[in-house]
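Presented below is the structure to which this report refers.
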Amino acid sequence: MQSIGIDTSVVGGWYICDHRRNYTDTSMTRQFDNDQIRRRYEELHELRMRGVEPYPYSFDQRHTSQQILSGYRDEDPSPFSSVSVAGRIMAMRRMGKATFFHIQDAAGKIQCYMKADELPQEYEMLRLLDIGDIVGIRGFVFRTRTGEITIHVQQLTLLCKCLHPLPVVKEERDEQGNIILHDAFSDKEQRYRRRYIDLIVNPHVRRTFIVRSRMISAIRSYLDSHGWLEVETPVLQPIYGGATARPFVTHLNALDIPLYLRIADELYLKRLIVGGFEGVYEISKNFRNEGIDRMHNPEFTALELYVAYRDYQWMMSLTEDLLVSVAEQVRGEASLLKSDGTVIPLVRPFRRIRLLDAIADAVGEAVDNLSESQLFALCKKHKIDIAPTASKAKLIDELFTALVQPHLVEPTFVLDHPVEMSPLAKRHRDNPALAERFELYVGGMEIANAFSELNDPQDQRERFEHQARLRASGDDEAMVIDEDFITALEVGMPPTAGLGIGIDRLAMLMTGAPSIRDVIFFPLMRPEQTPSTVES
RNA sequence: GACCCCGUAGCUCAGUGGUAGAGCAUCUGACUUUUAAUCAGAGGGCCGCAGGUUCGAUCCCUGCCGGGGUCACCA
């Protein structure tokens, strides 16, 4: 860091501009979309001309806004007689020879107060600062006449000039102390495309992503505490598998082969169980080349867990325990939240219902032994639009999705799907037409899927072959045969229970978010048409 | 992929077949404990893009682009 004193006009807190560099005054040469950006570039130039470095290297930040606001006591302000905080200017009230402004750091906001007669030169520099600039503050803490804990500025340092006007969100407090927002930055397209601005001006967005992060930490530490191993398996796969979905295809130049972005981790994780690990999990991105809507993003995060010597009944109670434990840590209580504000209590044991019983309840007749054509007729009767080529599994799935799923608000395990719907699950010990499988629904959303894993290689081959026939007859989501996976099962996989959880959807329920886009920092958007992209 | 809704100033939004308004933000001035600071003044817009109808389109029609929603597919 350069020492102070080259330019006598520069006072203590301001970093000195390095005059060995040639700064061009961009405000003179560049075309700007709006005069506010031009003005800020002009200010940037003026700051440099005055010897102020607008992009210095560090600041000795010793306090957060929150530490000061929660720790300050009027009867003894001495612990806060010398604080240093850093943050972004979010509001500025200039009153002639005194100015109040709020700065925002990672913990919150705090007001600062600066007087012209105390800091004449820095006060002059303050004229060149704007909402959005990042500054460092040193000073002492006091309480204003109107009661707000405030930093009396003794030194102000510019840490980063902001060259774009930020949306200015004003906060008003009503008599009850509730915060009323004015002109909140709410355009969804802009919020998702410029998430950094969204995060700056919308505190609830920041909180949502903190909850998401803590949720994942809580899941990880829960799984670690059981001694299970977190592992990594390939994202780029020569044969994709583990789910019924369309993949993204790419190409590996080195070997001149097509590769697929994974749609699931399943088949690799089960190979690790074959290899002797008795509990493995992976939290990772999956990619599915399918629709985009409130519940689906082309890339999404899933947890998959496999535990040897266990079955799906055991996994069901583990899932309950995991969710209750994570919700308690993250939300402070065993509950989840729908976007309409409904609180969904997580009370063990969760409701359990066989899939075919759930459909039977909805249609008013037993469906266990219906043929494909009878199921098709049932779909027609309930006005479910479905292709005549649909498989039996697809028909059952359609009936369930249309008639049952929307009503599953309280946590509900749906069990024992037909084997045709579950090509990687072990047959039910009491009924070979069904699989030992459960899906967990909460708030009308599927958030978990689990089974007693199929480890009979002959049965697995037959299931794959059935999938291959579906694929040949036009179902492009059906699985492809993975010979090496069958080889692994021939080597022998112990009885194993497997679980998958949709992390994004769980994050929605932890935060009450209405859309998956609200729990993914950068949801997929169609690329913006800018002048530069149009040219290229 | 189909249908519905939306696109006006940096942000949030009004509005009309006769080429535009508000609040905040910005700029100028006043103001040394303000807080949606206040007061006085000013600037700022290819009204998403391209066609069409019209003497005249931001408004009406068509297409396109972008977004949101519903459905379909999926988790």
Side-chain angles (χ1 to χ4, degrees), chain A residues 32-40 42-43 90-102 109 111-118 123 127 130-132 142-148 150 152 164-174 179-194 197 201 243-246 263-264 286-302 384-387 390 394 397-398 401-402 405 439-441 445-449 475-477 500-506 508 514-517 525-530 534:
Chain A
F32 292 98
D33 323 344
N34 91 59
D35 58 342
Q36 294 195 48
I37 297 176
R38 182 209 319 281
R39 221 207 75 251
R40 285 172 182 238
E42 287 166 358
E43 284 175 347
M90 296 303 287
M92 208 150 13
R93 291 179 290 281
R94 304 180 200 259
M95 310 179 46
K97 299 228 162 32
T99 294
F100 288 91
F101 55 96
H102 274 92
K109 285 183 196 165
Q111 180 170 259
C112 303
Y113 173 62
M114 200 165 153
K115 286 167 78 170
D117 56 356
E118 292 177 349
Y123 200 85
R127 201 176 53 77
D130 293 290
I131 288 171
F142 74 111
R143 191 184 289 274
T144 63
R145 207 156 54 189
T146 46
E148 181 159 352
T150 300
H152 190 118
H164 279 251
L166 293 183
V168 178
V169 183
K170 299 234 171 185
E171 292 176 5
E172 183 187 10
R173 266 169 216 282
D174 63 13
I179 294 176
I180 302 165
L181 292 182
H182 296 273
D183 302 331
F185 180 53
S186 56
D187 182 285
K188 284 184 181 168
E189 179 177 359
Q190 289 306 311
R191 287 184 45 222
Y192 299 143
R193 288 193 194 279
R194 310 259 182 274
I197 294 177
V201 303
T244 51
R246 273 188 293 273
I263 58 172
N286 290 345
F287 306 86
R288 299 192 184 173
N289 207 337
E290 285 162 356
I292 303 175
D293 63 26
R294 225 173 63 246
M295 314 266 227
H296 302 85
N297 195 59
E299 59 178 289
F300 64 101
T301 304
I384 299 165
D385 196 19
I386 192 160
K394 177 77 85 187
D397 194 39
E398 285 297 328
T401 303
Q405 181 177 340
E439 294 179 307
L440 174 62
Y441 288 83
M445 277 194 297
E446 183 193 339
I447 61 167
N449 182 24
D475 182 351
D476 56 359
E477 286 174 4
I501 291 182
I503 292 295
D504 310 278
R505 290 179 175 183
L506 191 57
M508 289 169 70
S515 164
I516 199 166
R517 294 184 188 98
M525 303 282 277
R526 198 177 289 272
E528 230 176 341
Q529 289 251 324
T530 63
V534 168

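To find a chain, count down the sequence lines: A is the first, B the second, and so on, and within it residues start at 1.
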Supply the atom-to-atom distance [X] [atom1] to [Y] [atom2], rounded to the nearest 0.5 angstrom.
X	Y	atom1	atom2	value
A/Arg143	A/Thr150	CZ	OG1	9.0 Å
A/Arg526	A/Arg193	CZ	CZ	9.5 Å
A/Glu439	A/Met445	CD	CE	14.0 Å
A/Ile516	A/Met295	CD1	CE	9.0 Å

For [X] and [N], give me the distance from atom [atom1] to atom [atom2], rounded to whole Å.
X	N	atom1	atom2	answer
A/Gln405	B/C73	CD	P	12 Å
A/Gln190	B/G68	CD	P	11 Å
A/Asn289	B/G1	CG	P	12 Å
A/Tyr123	B/U34	OH	P	14 Å
A/Asp117	B/U32	CG	P	10 Å
A/Met95	B/U34	CE	P	6 Å
A/Arg294	B/G67	CZ	C1'	16 Å
A/Ile197	B/G10	CD1	P	13 Å

Give me the distance, rounded to whole Å, that separates [N] from [M] when you measure between the [atom1] atoms they each carry.
N	M	atom1	result
B/U33	B/A42	C1'	30 Å
B/A25	B/C65	C1'	29 Å
B/G45	B/G21	C1'	11 Å
B/U28	B/A20	P	28 Å
B/G1	B/C64	P	11 Å

[X] side-chain N/O to [N] phosphate OP1/OP2 under 4.0 Å:
X	N	answer
A/Thr301	B/A75	no
A/Arg526	B/G67	yes
A/Arg246	B/A75	no

Closest approach of A/Ala243 to A/Arg288 (non-hydrogen atoms, all atoms of both residues): CB-NH2, 3.4 Å
Closest heavy-atom pair and its distance - A/Arg505, A/Ile447: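 Result for this residue pair: CB-CG2, 4.0 Å.
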Indicate, with a heavy-atom threshold strictly under 4.0 Å, whether [X] touches base, sugar-phosphate, or nothing.
X	result
A/Glu398	sugar-phosphate
A/Asn297	base
A/Ala91	nothing
A/Thr99	nothing

Among [options], the one nearest [X] by side-chain distance:
X	options	result
A/Thr144	B/U34, B/G69, B/U32	B/U34
A/Glu477	B/U12, B/C73, B/C31	B/C73
A/Pro167	B/C73, B/C11, B/U32	B/C11
A/Gln111	B/U34, B/A36, B/U32	B/U34
A/Arg193	B/C73, B/G66, B/U12	B/G66
A/Asp293	B/A72, B/U33, B/G69	B/A72
A/Phe185	B/U32, B/U12, B/U33	B/U12
A/Ser186	B/G69, B/C13, B/A75	B/C13

Side-chain heavy-atom pair A/Ile131, A/Val168 within 4.5 angstrom cut-off: yes
Set of ring pair (Phe, Tyr, Trp, His ring centres under 6.0 Å) partners for [X], sequence neighbours left out:
X	value
A/Phe185	none
A/His182	none
A/Tyr441	A/Phe400

Tell me every residue that passes side-chain hydrogen bond (donor to acceptor under 3.5 Å, both in side chains) with [X], counting only those two or more places apart in sequence or in another chain.
X	result
A/Asp117	none
A/Glu290	none
A/Arg39	A/Glu43, A/Asp130
A/Asp187	none

ring centroid sep under 5.5 Å plus plane angle under 30, A/Phe300 with B/A75: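 Stacking between A/Phe300 and B/A75: present.
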For nucleotides 24-28 of chain B, give me every protein contact, N/O to N/O, under 3.5 Å, one pair per line with atom names.
from  : atom 1 : to       : atom 2 : distance (Å)
B/C24 : O3'    : A/Lys170 : NZ     : 3.1
B/A25 : OP1    : A/Lys170 : NZ     : 2.9
B/A25 : N3     : A/Gln36  : NE2    : 3.4
B/U26 : O3'    : A/Arg39  : NH1    : 3.0
B/C27 : OP1    : A/Arg39  : NE     : 3.1
B/C27 : OP1    : A/Arg39  : NH2    : 3.1

Check: A/Arg93 side chain, B/U34 base, donor-acceptor under 3.5 Å: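 Pair found.
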Pairing pattern in dot-bracket form [Watson-Crick, G-U; both distances under 3.5 Å; | = partner strand] for RNA chain B: (((((((..((((....[..)))).(((((.......))))).....(((((..]....))))))))))))....
Could you pull out the protein-nucleic contacts involving nucleotides 2-6 of chain B (nitrogen or oxygen on both sides, under 3.5 Å)?
none

Would you tabulate the nitrogen or oxygen pairs shorter than 3.5 Å linking the protein to nucleotides 20-22 of chain B?
none

Nearest-nucleotide comparison on RNA chain B, the residue closer to the 5′ end among A/Met295 and A/Glu189: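 Its nearest nucleotide being more 5', the pick is A/Glu189.
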For A/Arg127, salt bridge (Lys or Arg N to Asp or Glu O under 4.0 Å) partners two or more places apart: A/Glu46, A/Glu124
Verdict with reasoning, A/Glu171 to A/His102, per side-chain hydrogen bond (donor to acceptor under 3.5 Å, both in side chains): CA-CA 12 Å; A/Glu171 292 176 5; A/His102 274 92; over 6 Å; no
Mutual orientation of the aromatic rings belonging to A/Tyr113 and A/His152 [parallel < 30°, tilted 30-60°, perpendicular > 60°]: perpendicular
